[in-house]
Amino acid sequence: MNESDILASRYAVAFVNLYSSKITEKDFFNIIESFNFLSENPQVLLMLEFPFVKENKQLFIDKFLQKFFLISEFSDLLNLLIDSNRVSLFRKILEFITWKYQIYTGKIFFRLYISHQLDQAEIDIIKLFLMKCTNSNIIYNYEVDSALIAGIRALSSNYLWEYSVRSQLQKAKIAFEVTK
Amino acid sequence: MKVKSSDLVSIFEDVLKGGPQKNLQEVGIVLQVGDGVCRVHGLRDAIYQEVIEFEGGNKGIIFDLDEDFVSIFLLYNDPEVKEQEIAKRTYNTFKAPVGHNLLGRVINAVGKPLDSLGELNAQNYNPIETTIPGVIERSPIDEPLQTGVLVIDSLIPIGKGQRELIIGNRNTGKTSIAIDTILNQKNKNVFCIYVSIGQRQASLARIVQQLEVNDALRYSVVVGADAGDPVLNQYLAPYVGCTIAEYFRSKGQDALIVYDNLTNHAVAYREMSLLMRRPPGREAFPGDVFYLHSRLLERAGKLKNGGSITALPIAQVQRDDITAYIPTNLISITDGQIFLDTKLFNEGIRPAVNVELSVSRVGGAAQTKAIKQVTKALGLELAQYHELQAFAQFGAELDEISQARLKRGAIIIELLKQPQYQHYSFVDQALMLFVFKEHFLDSIQLERVNDFAIKYASYVQSVYSDVYEEIEREKFISDSNKKKLIEIAKEFKKIFS
């Protein structure tokens with residue numbers, strides 16, 4: 001790990017230690033959403049690095065938290081980072097928080113990619129299956145991904161369960177390239 | 001083909017009924033890729049040096065396990081690994097192909113053939129990192145490994161199971177000695193493995209051609225990781241070669257392995273360590289660079305089952321400085337070193353072995369009696385010669401004894417010169433040194449010394465084959481044979497002049 005990773009990891013551990021009980025499943029998804037937003041728009045954080053007056057920065061922070069429905073404790077975290085000139089770490093800290101939260105709470109976040117729309121009962125079966133496989137509680141979100149052609153892909157940061165036409169084609173392609 | 005969602009759900013239902021929990025793979029997600037290394041989040045239970053498969057088809061090996069990431073070095077340049085790609089565990093460490101079918105083949109560090117002879121058809125795949133044989137399993141080194149190079153076999157003898165470092169500047173003939181040693185193993189039941197690390201492809205091609213032309217490829221395996229290969233391949237190559245050698249040893253056979261060269265290997269490992277942000281030490285090498293080579297070279301040795309691995313690691317130095325970090329490490333790990341001197345090389349003394357700086361810690365234990373009989377005090381005579389030579393340069397007048405020593409020294413230097421790809425059997429070597437020891441060369445012109453000695457050995461072999469064969473059989477020059485050889489030398493001297 002490089003230095004910034006180590007720092008970000010420490011902030012994240014501290015945050016999760018203090019506030020994990022306040023972070024609900026919904027908040028967890030909000031954190032992920034805000035992380036995705038910052039990954040796509042990294043320039044947003046530059047605003048906080050400029051020497052604006054503190055009130056303007058606070059206004060920006062409030063709007064940011066409001067936009068992603070983040071818990072108010074993130075405001076303290078951002079202010080702490082501004083004071084120590086480490087705002088650039090915020091995106092990484094969010095990422096680390098999502099990882100540490102899963103470890104801390106013993107819950108695993110799965111992204112489910114499904115080729116066709118499923119009803120809630122079917123999704124519950126998948127959830128039950130994943131819970132049994134991983135012996136953990138599951139947090140999930142799901143989306144329809146037609147690229148799978150047909151099948152399901154359940155992906156967490158440590159596990160993958162895939163049963164899809166695309167994966168079979170991919171395996172065949174690799175096998176063909178190896179023999180070629 | 002139409003797949004209904006309900007069909008897919010039924011798969012889960014089957015599993016929940018108690019069927020096997022198939023296909024739940026332990027994975028990680030690539031966060032960063034560059035310089036042949038990638039950082040992956042996940043793979044929480046992965047083990048050190050485990051092989052990882054990427055979804056796109058590439059593979060890599062774990063070299064660093066961190067709290068949130070693992071660092072994986074890629075085995076191939078192609079296909080490219082992308083960010084957010086899935087990395088899957090294989091639950092296996094890296095394995096190398098082994099077996100007799102590999103003889104005559106040129107492979108790369110990942111076990112793929114580099115020649116055009118088709119599939120490898122390996123007997124087995126063995127892990128490249130194994131437990132090093134302990135003291136109980138080993139047996140003392142007491143059998144010579146003939147290099148066919150007179151100066152080495154007479155003054156720095158190498159035994160089967162020994163680790164002898166070949167060290168010197170670039171272009172001093174390090175590889176030539178190693179190749180000569182391989183060529184000399186023809187019909188001697190020694191399997192040879194040549195490992196090329198970080199060299200140019202053209203150099204490797206030339207070596208392979210030499211082995212092929214001299215019919216040495218049929219008992220050899222070449223493992224090549226050239227300078228253009230991923231750094232991981234250069235790191236793996238010597239371990240792969242050693243694993244192949246261990247297969248032969250496990251079958252009770254003798255193997256010779258040449259690591260050409262371990263300086264490049266250390267440089268490759270330094271690159272990997274710096275990419276993993278491990279703290280650099282002396283000359284920016286990581287702290288465990290000693291262990292890198294010690295655990296490799298400790299795998300050589302002779303076992304009680306009769307098999308042996310003789311290792312000839314090669315180290316390149318800068319400006320004849322053998323006190324650099326890697327050379328001193330290797331010198332301390334190995335059982336001796338052959339130091340090749342640029343000055344001697346430029347003076348036309350080839351092989352340019354600096355006898356004073358070279359040593360074999362196994363020494364006489366790994367020398368045939370016949371050679372031992374004729375090399376007594378040879379080293380001393382050479383040392384005295386070098387000492388006197390330095391003194392004589394001041395233009396001082398020397399007494400007769402000193403002049404005689406200088407003359408003898410010049411003769412032995414001349415006798416020890418040997419062209420590349422010309423090998424002498426131990427009997428030839430014993431006979432050549434015998435005529436020197438018995439002062440038959442003293443009256444021969446310096447430029448004809450070598451010629452005389454070689455032709456004398458050839459004369460004994462062809463005309464007095466009974467004597468020659470007896471020495472070959474008994475590996476010893478008996479008193480009666482000694483008398484005969486003196487008479488033959490007198491007879492030959494008349495013919496020669």
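In what follows, chains carry the letters A, B, and so on, assigned in the order in which the sequence lines appear, proteins first and then strands, with residues in each chain numbered from 1. Quick note: numbers below take in every heavy atom, side chains included, and nothing from hydrogens, waters or symmetry partners. Nothing here was measured: the structure is a model prediction, and the numbers come from that model.
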Report the relative orientation of the aromatic rings in B:Phe69 and A:Phe96; use parallel for angles under 30°, tilted for 30 to 60°, perpendicular for over 60°.
-> perpendicular
Residues of residues 80-90 of chain B with any heavy atom under 4.5 Å of a heavy atom in chain A = B:Ile86, B:Lys88
In terms of side-chain geometry, is the basic nitrogen of B:Glu67 or A:Lys100 positioned less than 4.0 Å from the acidic oxygen of its partner?
-> yes
Turns out that what part of A:Ser156 lies under 4.5 Å from chain B's heavy atoms comes down to backbone
Min side-chain heavy-atom separation A:Asn158-B:Val27 under 4.5 Å = no
Which residues in residues 43-58 of chain B have a heavy atom less than 4.5 Å from any heavy atom of chain A?
-> B:Leu43, B:Arg44, B:Glu55, B:Gly56, B:Gly57
Answer yes or no: are there more than 12 heavy-atom neighbours, outside B:Gln123 itself, under 6.0 Å from its atom CD?
-> yes
Does atom CZ of A:Phe69 have more than 12 heavy-atom neighbours from other groups under 6.0 Å away?
-> no
Distance, nearest 0.5 Å, that separates CD1 of A:Ile6 from CG of B:Asp68 | 10.5 Å
Is atom CG of B:Asn124 surrounded by more than 12 heavy atoms (other residues, nucleotides or ligands) closer than 6.0 Å?
-> yes
Contacts under 3.5 angstrom, residues 283-290 of chain B side chains, donor-acceptor by atom type, not counting sequence neighbours:
residue  : atom : partner  : partner atom : Å
B:Glu283 : OE2  : B:Tyr325 : N            : 3.2
B:Asp288 : OD1  : B:Tyr269 : OH           : 3.2
B:Asp288 : OD2  : B:Tyr269 : OH           : 2.6

The reported gap from OH in A:Tyr159 to CG in B:Leu24 (rounded to nearest 0.5 angstrom) is 7.0 Å
Count the heavy atoms of every other residue, nucleotide or ligand shown that sit under 6.0 Å from CZ of A:Arg10, and state whether that count exceeds 12.
-> no
Out of curiosity, B:Leu31 CG to A:Lys92 NZ, how far, rounded to the nearest 0.5 Å?
-> 9.5 Å
Pairwise distance NE2(B:His41) to CD(A:Glu95) - rounded to 0.5 angstrom | 7.5 Å
Which residues satisfy the side chain to side chain contact (heavy atoms under 4.5 Å, CB included) test with A:Glu73, sequence neighbours excluded?
-> A:Phe15, A:Tyr19, A:Lys22, A:Ile71
